[in-house]
Structure formats: C-alpha cells, structure tokens
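Below you'll find the structure, written out as structure tokens, and then a few comments.
Just so it is clear, the model here is predicted, and its values are computed rather than measured.
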There are 2 protein chains.
Amino acid sequence: MSIGSLVIVGLGPGNPQQLTPQAKEALAHATDLVGYVPYVKRVEAGPEVVRHISDNREEISRARHALELAMSGRHVAVVSGGDAGVFGMASAVFEAVENGPEVWRTLDIQVIPGVSAVLAAAARLGAPLGGDFCVISLSDNLKPWSVVLDRLRLAAQAGFVIALYNPRSHARPWQLGAAFEHLRQTMQGNEPVAFARAIGRPDEAVRLSTIAQADAEWADMSTLVLIGCPVTRLVPRPMGQEPWLYTARKVEEAI
Amino acid sequence: MSIGSLVIVGLGPGNPQQLTPQAKEALAHATDLVGYVPYVKRVEAGPEVVRHISDNREEISRARHALELAMSGRHVAVVSGGDAGVFGMASAVFEAVENGPEVWRTLDIQVIPGVSAVLAAAARLGAPLGGDFCVISLSDNLKPWSVVLDRLRLAAQAGFVIALYNPRSHARPWQLGAAFEHLRQTMQGNEPVAFARAIGRPDEAVRLSTIAQADAEWADMSTLVLIGCPVTRLVPRPMGQEPWLYTARKVEEAI
C-alpha cells in the first residue's frame with residue numbers, strides 16, 4: 001500500500017482572485033477534500049474528488065479522519081477559509097498528530113498559506129495594521145473567558161491594534177459587548193473601531209465607529225472587528241466617500 | 001487631464017506561486033511601479049512600464065511621489081513584499097495623503113492584500129500561530145526602544161505568540177539580543193523560538209531553538225523570528241526530519 005499525503009490549504013477570504021496559484025495547485029492534486037461545509041463547497045474539483053464535510057465544531061475528529069485517509073494512501077487537502085494557520089485547521093491537524101499513532105509523524109504534511117481575513121479586511125479599510133498589532137479569537141470554547149479579558153487589557157496597554165476573530169455567534173452572543181466594555185476601561189474612547197463583514201464576498205459590508213460608541217449588535221459570525229490604537233486615524237474624504245482608516249507608523253510617546 | 005489611480009500591492013513572500021491573481025491583475029494595469037528596489041525588480045512588466053526605484057528608508061517621499069504620479073494621470077502600483085499593510089507601504093501612503101493637498105483625497109486608492117511574511121513562515125514551520133498572537137516590528141526608527149520593550153513584556157504576559165519583523169540589520173545590530181534578554185525575564189525559558197529566513201525564496205532556511213538558548217546572531221534582515229507561548233510545542237519526527245512547530249488551540253490556565 002502506497003502512502004498518501006496531507007496538505008492544509010488556506011482558501012483566502014472568499015474572493016477567488018485572492019486564492020494563490022500555490023493553493024490552487026495543491027487542491028488540484030487532492031483526491032479528497034476535508035473541511036467545514038462552506039469551505040469544502042467553495043473548492044472547484046471534478047466528480048472523482050471525494051468531499052468529506054463536517055460541522056464547524058468537530059475540528060479534532062476531522063483532523064484525525066484526514067490523517068487516516070492520508071495513511072491509507074489518499075492525497076488529502078484539508079481546507080480552511082483565510083489562512084489555515086490563523087484559527088483554521090492547521091493547529092488541529094498537528095494536535096491530532098501529536099496525540100495520534102507514532103506512524104502519523106512519517107506522513108508528508110504541508111501547510112499552504114493564504115490571505116487571512118484580517119489582512120483582507122485591513123486592505124479593504126486602508127492600512128489599520130500599520131503599526132504593531134495582535135490577533136485574538138474572542139471564542140471562549142478553548143480558553144477561559146478570563147484569559148480573553150486579560151489579553152484584551154494587556155493588548156490595549158501595549159498600544160496594539162487589535163483584530164478580533166469569532167467576535168459573535170448564536171452560541172456566544174454577549175462576549176463582544178463585554179470585550180468592548182472591558183477595553184473602555186483602558187482606552188481613551190476615540191480610538192476607531194471597524195466592523196468588516198464578509199470582505200471579498202458579494203455581501204461585504206463595513207461600519208466604522210469608535211471604541212466608546214461601538215455596538216456589539218453590529219457584528220455577526222462573518223465579521224472581523226478591528227480596534228485601533230492611539231495612533232489609528234480616519235482620513236475623511238469628499239463627496240460622501242468612506243474615510244480611509246490607517247495606523248500611523250510613528251509612535252512618539254511612551255505607553 | 002484625466003485622473004490616474006494608485007494601487008498598493010503586496011507581492012507575497014517571494015515565491016511567485018504565492019502572488020494572488022488579484023495582485024497580478026492589478027500589476028498588469030499599472031503604467032508605473034514604485035517601491036524599494038528588490039520589490040520593483042521582482043515584478044514582471046513590459047518595457048513600457050516605468051520603474052521608480054528608491055532606497056528602503058525613503059517611504060514617505062516615495063509615497064508622495066506615487067501620489068503625484070497618480071494625480072498626473074498615471075496608473076501607479078506601489079509594491080511591497082509580503083502584505084503591504086504589515087510594515088509595508090500602505091500606511092506610508094495614507095500618511096502622505098493625510099498630510100498632503102486636499103485634492104489627493106479624491107484619488108482612487110486601493111490596497112491589494114498579500115500573503116504576509118509571518119503567514120508564510122508559520123506555514124513553513126507547521127502551525128505556530130494556532131493561538132492568539134501579535135506582530136511587532138523590532139525597528140526603533142519610528143518608535144522609542146522603551147515602547148518596543150514594553151510591548152514585548154506585555155505580549156509575553158498575555159501569552160501571545162510573538163512574531164518579530166525587522167529583527168536585525170547592520171544599523172540595528174543589538175536590538176534582537178536585548179529583546180531576547182528582556183523576554184527571558186518574563187518567560188519560562190523552554191518556549192520554542194524559530195528563525196525563519198527568506199521563506200518561499202531559494203535560499204530559505206529554518207533554525208529552531210528556545211527563548212533560553214536563542215542567539216540573535218542567527219538572524220539577519222531577511223529573518224522573521226517567531227517566539228512561542230507556553231502552549232507552543234515541537235512534534236518530533238523520525239529519521240532526522242525537522243520537527244513540526246505548532247501552538248495548541250486550548251489554553252487551560254489563567255495567565
């Protein structure tokens with residue numbers, strides 16, 4: 001029996017023009033696609049390619065299934081939206097390897113990077129990541145909520161621009177509001193906040209506000225929330241055009 | 001006189017297979033390419049395209065030049081390596097707009113995201129960004145060194161994986177060593193550190209260590225340094241193969 005392979009592919013934010021040729025080629029070699037339903041559906045592939053779809057919460061069992069397929073000789077592509085290494089499937093696969101049979105460590109496993117949601121959202125808005133920044137998942141499924149709050153406070157103290165993944169879902173309706181409340185205790189209030197929804201997809205939408213005014217109701221599961229730092233600014237534009245959002249490169253003062 | 005346009009394009013880490021079709025198309029429409037020498041040289045373009053090259057330190061004057069060209073009717077592509085929004089040219093362009101003539105705000109300015117160096121390095125190593133992370137430029141050209149140290153300490157306290165851009169250059173030889181020293185005061189010592197050099201290019205190289213053992217001499221201008229958090233782990237592999245580096249998704253303890 002020949003050994004297979006496993007590639008973990010970031011599909012980018014959704015616009016097919018943002019899928020790299022490297023990712024496209026990796027997908028073209030796959031005999032099996034494994035991932036959360038909407039990502040597997042997004043991949044163009046012939047009828048001979050087997051699609052293994054699963055629910056969003058089943059990451060470790062999905063990773064184990066993909067590894068078993070690869071061990072049985074299949075060429076498996078595990079797909080994630082954006083970049084697979086940023087709250088995507090890459091970490092789950094290596095966790096499954098670490099806790100699985102020793103022989104899985106002999107597998108050929110490659111990770112193909114993609115344009116992450118935070119980079120696509122930032123580009124759509126201007127240049128909000130122009131300084132040092134951090135990326136935090138607001139989900140408390142895998143870490144205590146107290147850790148999320150501590151990280152938000154320390155990030156604000158550090159003067160990082162903060163990108164929030166997974167800000168809000170049906171199962172986690174209150175966390176984003178609590179995060180804003182927590183940040184208001186450390187921040188000045190006038191730091192810009194952007195709600196960037198489904199960027200790169202036909203239903204994309206942007207809403208700009210400040211940390212003092214931001215309302216968690218404006219976010220949903222497809223929203224990336226970007227919270228500015230003291231040197232993040234709006235550049236107003238004429239004729240009702242949306243202002244540009246950017247973070248100055250220069251930081252003058254101590255934090 | 002017809003008005004031109006300005007597009008700010010992230011070229012990705014260097015491997016042409018990691019340049020998105022969107023970025024390629026934007027470059028194909030440009031009459032003028034503006035940027036730091038190696039990035040402008042990397043772009044394939046016909047002889048009719050004008051290449052404006054400049055030194056690495058001249059970001060604001062380069063941005064102003066690009067904006068003037070666009071105002072004069074040219075279709076200008078400002079190019080950066082990786083993603084233009086992550087320590088690339090995007091922020092400098094909007095800073096020049098904010099401080100320039102009002103009429104520049106009427107320009108058509110688009111930012112095209114790219115695969116950033118940190119995402120390419122992470123994919124090459126495994127999944128070190130599997131948890132919350134931050135991205136810090138170690139350059140103190142535009143911020144006081146005390147701010148860099150404060151940010152490093154707060155990031156370590158937060159348990160972020162830390163990605164360091166611009167870790168070392170001829171003009172800044174001692175900063176990375178000082179950063180490691182500073183982090184050792186907060187961290188345990190056994191957190192993995194990866195030196196990822198020129199990832200995606202023919203001369204790529206990887207070196208793995210720990211925060212206790214890491215030596216700044218292993219980095220140069222082309223190196224991205226990734227510093228793990230308490231749940232970042234190596235997965236050893238048989239037959240002398242390089243271990244995989246990943247950050248567990250689950251955080252059990254308070255920080």
Side-chain angles (χ1 to χ4, degrees), chain A residues 12 15 17-22 25 83 85-86 90-95 97-98 105-106 109 111-116 119-120 122-123 126-127 129-130 132-137 142-144 146-147 150-151 154-155 157-160 233 235-238 244 246-251 254-255, chain B residues 12 15 17-22 25 83 85-86 90-95 97-98 105-106 109 111-116 119-120 122-123 126-127 129-130 132-137 142-144 146-147 150-151 154-155 157-160 233 235-238 244 246-251 254-255:
Chain A
N15 177 343
Q17 291 295 100
Q18 292 175 339
L19 180 72
T20 68
Q22 185 186 41
E25 192 183 320
D83 180 90
V86 179
S91 179
V93 168
F94 291 107
E95 185 182 323
V97 170
E98 190 181 35
R105 301 185 185 204
T106 63
I109 303 180
V111 185
I112 309 292
V115 173
S116 60
L119 297 185
L129 304 180
D132 300 329
F133 66 94
C134 68
V135 178
I136 299 176
S137 169
L142 291 162
K143 63 194 167 200
S146 64
V147 169
D150 286 343
R151 287 181 175 177
L154 292 163
Q157 282 176 14
F160 289 139
R233 294 199 276 262
V235 183
R237 299 175 67 200
W244 287 307
Y246 89 100
T247 296
R249 301 168 311 141
K250 200 173 175 72
V251 176
I255 53 180
Chain B
N15 177 342
Q17 291 295 100
Q18 292 176 340
L19 180 72
T20 68
Q22 185 187 40
E25 193 185 318
D83 180 89
V86 179
S91 180
V93 168
F94 291 108
E95 185 181 321
V97 170
E98 189 181 34
R105 300 185 187 207
T106 63
I109 304 180
V111 185
I112 309 291
V115 173
S116 60
L119 297 185
L129 305 179
D132 301 329
F133 66 94
C134 68
V135 178
I136 298 176
S137 169
L142 292 162
K143 63 194 168 200
S146 64
V147 169
D150 286 343
R151 288 181 174 176
L154 292 163
Q157 282 175 15
F160 289 138
R233 295 200 276 262
V235 183
R237 299 175 68 200
W244 288 307
Y246 90 101
T247 296
R249 302 168 310 142
K250 200 172 177 69
V251 178
I255 53 180

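- Looking at residues two or more places apart in sequence or on another chain, you find a side-chain contact (heavy atoms from CB on, under 4.5 Å) between B:Arg249 and A:Glu59, A:Ile60, A:Ser91, A:Ala92, A:Glu95, A:Leu142.
- Per-residue counts of heavy-atom pairs under 4.5 Å with chain A were compared for B:Pro236, B:Ala248, B:Ala120; the largest is that of B:Pro236.
- In this structure, CD on B:Gln17 lies 5.5 Å from CD on A:Glu25, to the nearest 0.5 angstrom.
- For A:Ile136, the parts lying under 4.5 angstrom from a heavy atom of chain B are both the backbone and the side chain.
- Nearest approach of A:Gly126 to B:Val111, heavy atoms of both residues: O-CG2, 3.5 Å.
- Residue B:Val235 comes nearest to A:Glu98 through the heavy atom pair CG2-CB, 4.1 Å, listed as atom of the first residue, atom of the second, then distance.
- Contact of B:Leu129 with chain A is made through backbone and side chain together, with heavy-atom distances under 4.5 Å.
- Contact of A:Thr247 with chain B is made through the backbone alone, with heavy-atom distances under 4.5 Å.
- Aromatic ring pairs are classed by plane angle as parallel below 30°, tilted from 30° to 60° and perpendicular above 60°; the pair A:Phe160 and B:Phe160 is perpendicular.
- When atom types are taken as modelled, the side chain of B:Arg105 and the backbone of A:Arg237 share no donor-acceptor pair closer than 3.5 angstrom.
- Between chain A and the residues B:Gly85, B:Ala127, B:Ala123, B:Ala122, the largest count of heavy-atom pairs under 4.5 Å involves B:Ala123.
- At a 4.5 Å heavy-atom cutoff, the contact between A:Phe133 and chain B is made by backbone and side-chain atoms alike.
- When side chains are defined from C-beta on, A:Leu119 counts as touching B:Leu119, because their heavy atoms get closer than 4.5 Å.
- For chain B, the option among A:Ala155, A:Gly130, A:Gly12 with the highest count of heavy-atom pairs below 4.5 Å is A:Gly130.
- Closest non-hydrogen pair, B:Asp132 versus A:Ser137, comes out as OD1-N, 2.8 Å.
- Atom-to-atom distance recorded for A:Asp150:CG and B:Gln157:CD is 10.0 Å, nearest 0.5 angstrom.
- Across all non-hydrogen atoms, the minimal contact from A:Trp244 to B:Ile109 is CH2-CD1, 3.6 Å.
- Of all heavy-atom pairs spanning B:Val115 and A:Gly114, the tightest one is CG2-C, 4.0 Å.
- A:Val251 and B:Arg151 make their closest contact through CG2-NH2, 4.2 Å (heavy atoms, listed as atom of the first residue, atom of the second, distance).
- Between A:Pro238 and B:Thr106 the shortest side-chain heavy-atom distance falls below 4.5 Å.
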